[in-house]
Amino acid sequence: MAGRLKGLPVLPGSTLGVLGGGQLGRMFCVAARTMGYRVVVMDPDPVCGAGLIADVHIQADYVDRSALEKMAEQCDVITLEFENIPSESVRFIADRTRIYPAAESLEIAQNRDLEKRFALDAGLRPVPYFALMQESDLEQAAADIGFPAVLKSNTLGYDGKGQYVVNDFSQLRAAYDKVGKVDCVLEKQITIHCEVSAIVARNANAERANFPVSENQHRDGILHMSIVPARVDDRLAHQAIEGACLLADALSYVGILAVEFFISDEGVLYFNEMAPRPHNSGHYTKDACVTSQFEQQVRMMCGLTPGDTRLMSPVVMVNMLGDLWQPDWLEIFTQNNIKLHLYGKTEARSGRKMGHFNVLAEDVESALATAEEVFEKLTK
Ligand code: ADP
Ligand code: MG
């Protein structure tokens, strides 16, 4: 039951804050304002996409104590756009106002070694890996994991950055030098049959709701498409949802938790990583579910009951990166079943996420066919 905890639920008319003003912060702001909340965003970038939507944009760095103080004073509850907000800043705010997810959840999700250990303890199966803490660990890591393998920096990686596929020991050593000899994990390279993600929402009263599992296709380490319903065995989809729920409960999590999994050729579901926030693979929910992941983020931080996560239509989400700028918009708008979402970014760089579109259709195969056809035309 929402409302038992002190100060919760936080109702429309109150002020919500978000640390981070990129596309995830922007879509959060849209959802919050739609529901009648005021929104304060903090982001050092003067032209960030969320700043254009928020009531107030505090242009400051995430470690600026006086700015954090100001934000805490203005907001009834605060959330995060991405996991690399320094956890000390989250603790600083937590001493002044409510902030979800908690610093403890964030610290686990920020660190690949910690999150894999946490997942293992919660009953999930991470990809076999070795935690590399120093150069002298390289030989043991290679002996334990074998090749091919993937070397990933423990912290600050995203969209395939800070990671290298290595096929032998000399490549491993070179990759370790390239990442700057920071703490890493060496993972066994899995032959991936399919990647899926499960997004779960949980509030401070431990009420939970999960979105349908999405099937994710990547290009160059960046999400390209999400397909829902995922074309995977029901048993595996169920396992993914169960895994995400186990993690959320083990973390006493409040907010949106996205969990990425690999399905190997042998049909084994491996935990890959988790994100303590809405996820790119959940953008399909904006048009295809009763409640979007951003509305759900608002509901969770405010201590409201989770919204219905039912899928209303098969859907394919396609990411639009800076590589294909300027797109021919008419290719999208002449289709009556495509919903376009742009993030308000003026500068298009290669690999930069500029927007996405959702294709809704009677069945997933025709949504996929339209998505592929339109994407092809856009890239011509
Ligand atoms: P990021 O934080 O950049 O999203 P991920 O660990 O999710 O990092 O890796 C990005 C992508 O690289 C994955 O979605 C997957 O396609 C591929 N990948 C990562 N780790 C492995 C692995 N151990 N075996 C095979 N492919 C992998
Ligand atoms: Mg990933």
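For ligands, and for the atoms within them, numbers begin at 1 and follow the listed sequence.
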Side chains of [Y] and [X]: any donor to acceptor distance under 3.5 Å?
X	Y	value
Gln293	Thr285	no
Asn358	Asp287	yes
Thr155	Asn111	no

Identity and distance of the protein heavy atom lying nearest [atom]:
atom	answer
atom 25 (C) of ligand 1	Ile190 O, 3.4 Å
atom 9 (O) of ligand 1	Gln163 NE2, 3.3 Å
atom 3 (O) of ligand 1	Gly160 N, 2.5 Å
atom 1 (P) of ligand 1	Glu273 OE2, 3.3 Å
atom 26 (N) of ligand 1	Ile192 CD1, 3.3 Å

Item to check | Among Lys161, Lys152, Gln189, Arg219, closest by any non-hydrogen atom to atom 6 (O) of ligand 1 | outcome: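 Heavy atom nearest to atom 6 (O) of ligand 1 belongs to Lys152.
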
Next on the checklist: Please state which option from Phe262, Phe261, Tyr129, Tyr270 has its nearest heavy atom closest to atom 18 (N) of ligand 1.
Outcome noted: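 The nearest heavy atom belongs to Phe262.
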
I'd like to check which ligand 1 atoms, numbered from 1 as shown, lie under 4.0 Å from a non-hydrogen atom of [X].
X	result
Glu260	7 (O)
His218	14 (O)
Lys188	22 (C), 23 (N), 24 (N)

Checklist entry - With the 4.5 Å side-chain cut-off for hydrophobic clustering, are Leu236 and Phe262 part of the same group? => result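 No; tracing contacts between hydrophobic side chains, which count when under 4.5 Å, never links both residues.
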
Next on the checklist: For Tyr343 and His356, I'd like to know if the aromatic rings sit close, meaning centre-to-centre distance below 6.0 Å.
Outcome noted: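 Centroid separation for Tyr343 and His356: below 6.0 Å.
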
Checklist entry - When the aromatic ring centroids of His224 and Phe375 are compared, is their separation below 6.0 Å? => result yes

Checklist entry - Can any side-chain N or O of Asp121 pair as donor or acceptor with the backbone N or O of Phe118 at less than 3.5 Å? => result no

Checklist entry - Can you tell me the N, O or S atom of Glu260 that's nearest the Mg ion (ligand 2)? => result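 Result: OE1.
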
Checklist entry - Glu273: which N/O/S atom is nearest the Mg ion (ligand 2)? => result OE2

Checklist entry - Should the pair Phe294 and His283 be assigned to parallel (<30°), tilted (30 to 60°) or perpendicular (>60°) ring geometry? => result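 Tilted.
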
Item to check | Matching residue for Gln23 among Lys345, Lys353, His341 - test: side chain to side chain donor-acceptor pair (under 3.5 Å) | outcome: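 Filter result, single survivor: Lys345.
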
Next on the checklist: Please classify the Glu195 to ligand 1 contact at 4.0 Å (heavy-atom distances, strictly less than): side chain, backbone, both or neither.
Outcome noted: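 The part of Glu195 near ligand 1 is the side chain, not the backbone.
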
Next on the checklist: Just to be sure I read this right, does ligand 1 sit under 4.0 Å from the backbone of Asn272, its side chain, both, or neither, counting only heavy atoms?
Outcome noted: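 Contact part for Asn272 vs ligand 1: side chain (C-beta onward).
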
Checklist entry - Would one find an N or O of Arg112, backbone or side chain, under 3.5 Å from an N or O of ligand 1? => result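 Yes, there is a polar N/O contact under 3.5 Å.
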
Item to check | Other ILVMFWY residues reachable from Tyr129 by side-chain steps of under 4.5 Å | outcome: Val185

